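So you know, we letter chains A, B, ... as the sequences are listed, proteins then strands, and number each from 1. Note that the structure is predicted; figures quoted are calculated from it, not measured.
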Protein chains: 2
Amino acid sequence: MNLDGVFQALADPTRRAVLGRLGSGPASVSELAQPFDMALPSFMKHIRFLESNGWIRTHKSGRIRTCVIEKASFDVAEAWLSDQRALWEGRTDRLEQFVTNPYLKEDRACPALPTPPST
Amino acid sequence: MNLDGVFQALADPTRRAVLGRLGSGPASVSELAQPFDMALPSFMKHIRFLESNGWIRTHKSGRIRTCVIEKASFDVAEAWLSDQRALWEGRTDRLEQFVTNPYLKEDRACPALPTPPST
DNA sequence: CGAATACTGAGCCACAAGGCTAAGTTAATC
DNA sequence: GATTAACTTAGCCTTGTGGCTCAGTATTCG
């Protein structure tokens with residue numbers, strides 16, 4: 001369950017829709033597949049993908065495979081975004097300085113703001 | 001700037017690393033590329049991908065192209081996750097009801113929910 | 001038992017993704 | 001004015017992704 005897979009799972013409308021549906025409760029594969037104009041084997045690939053990337057759990061009983069949404073990957077995804085936001089917001093003030101400082105604009109394109117004369 | 005592309009952009013370690021780096025300030029393409037063992041044209045594809053999916057803005061001045069992170073796609077991604085979370089949490093109580101209601105359990109195929117980690 | 005249901009497995013196909021090299025182009029330096 | 005630096009364009013190659021069909025297998029139902 002690496003970040004690559006976690007995000008890739010979200011990069012497809014079918015898979016996002018499945019997660020959306022599962023958000024309101026468990027469902028069997030064919031129930032989930034019903035809204036989509038897609039052959040079952042194709043659809044199953046999406047289910048397996050979601051499962052192997054930690055977005056859902058599935059469990060077969062009889063001939064029916066039931067899918068349940070799982071919070072794990074969800075948290076991983078949110079954590080990454082949240083870290084990113086923290087980083088970005090942590091330097092917003094310095095960015096503003098950069099944008100409005102004509103010297104920096106002309107000079108090197110990106111002095112990268114190396115830990116400025118911190119207070 | 002559709003969800004497909006927004007999430008796909010995050011499904012690659014190089015692109016996530018670039019966003020991470022840009023989180024602490026603007027940089028030129030070659031500065032960004034420097035840590036990666038990759039030919040420049042390959043790297044540029046990542047930059048273009050991030051740009052065309054709204055994760056960064058770029059601007060060329062002289063022969064240097066400077067990249068700046070952008071909040072737009074970020075918000076879109078967080079919004080989707082947040083909606084998803086709302087949905088999921090909004091029905092946790094009902095889920096609980098579902099799990100503990102023997103009638104529902106027989107009725108539909110889905111009860112799966114492998115033993116809640118409770119008590 | 002036989003038929004229908006709900007997947008499952010194997011294999012094919014077209015196209016997108018991510019990497020490369022080689023050869024431009026444009027701006028800055030010497 | 002020639003070099004060098006910083007991209008850019010073009011084209012190739014391999015692998016992955018998302019779709020399909022056709023033929024199983026395993027359960028459930030009549």
- Message: Restricting to side chain to side chain donor-acceptor pair (under 3.5 Å), what partner residues turn up for A:K60, sequence neighbours left out?
- Response: none

Sequence neighbours left out, cut at 3.5 Å: what donor-acceptor pairs do the side chains of residues 32-44 of chain A make with other protein atoms?
none

- Message: Could you tell me if the side chain of B:C67 sits less than 4.5 Å from the side chain of B:L22, heavy atoms only?
- Response: yes

- Query: Quick one: B:R48 CZ to D:dA10 C1', roughly how many Å, whole number?
  - Reply: 15 Å

- Indicate yes or no: at least one non-hydrogen side-chain atom of A:H46 is less than 4.5 angstrom from one of A:V18. no

Expected list for residues 72-84 of chain B: side-chain donor-acceptor pairs under 3.5 angstrom, two or more places apart:
| residue | atom | partner | partner atom | Å |
| --- | --- | --- | --- | --- |
| B:S73 | OG | B:N53 | O | 2.4 |
| B:S73 | OG | B:G54 | O | 3.1 |
| B:D75 | OD1 | B:K71 | NZ | 3.3 |
| B:D75 | OD2 | B:K71 | NZ | 3.0 |
| B:E78 | OE1 | A:R85 | NE | 3.2 |
| B:E78 | OE1 | A:R85 | NH2 | 2.5 |
| B:Q84 | NE2 | A:L19 | O | 2.8 |

- Message: From CZ of A:F36 over to P of D:dG18, roughly how many Å is that when rounded to an integer?
- Response: 13 Å

- Reading nucleotides 17-22 of chain C 5' to 3', which nucleotides get B (base under 4.0 Å from a protein heavy atom), which S (sugar-phosphate only), which -? -BBBBB

- Message: The criterion is side chain to side chain donor-acceptor pair (under 3.5 Å); which residues satisfy it with A:R16, sequence neighbours excluded?
- Response: B:D4

- Item | Short side-chain N/O contact from A:K60 to OP1 or OP2 of C:dA6, under 4.0 Å | no

- Task: Spell out protein contact along nucleotides 24-30 of chain D as letters: B when the base is contacted, S when just the sugar-phosphate is, - when no protein heavy atom is under 4.0 Å; keep the 5' to 3' order.
- Result: ---BS--

- With a 4.5 Å limit on heavy-atom distance, are the side chains of A:L3 and B:P13 in contact? no

- Task: Let me know the distance between CD1 of A:I47 and P of C:dC7, rounded to the nearest Å.
- Result: 10 Å

- Would you mind reporting whether A:K45 and A:R48 have side-chain heavy atoms less than 4.5 Å apart? no

- Note on the structure: Picking from C:dA6, D:dA6, D:dT8, the nucleotide nearest the side-chain atoms of B:M44 would be D:dT8

- Message: If I take atom CG in residue A:L50 and atom C1' in nucleotide D:dT17, what distance separates them, rounded to the nearest angstrom?
- Response: 14 Å

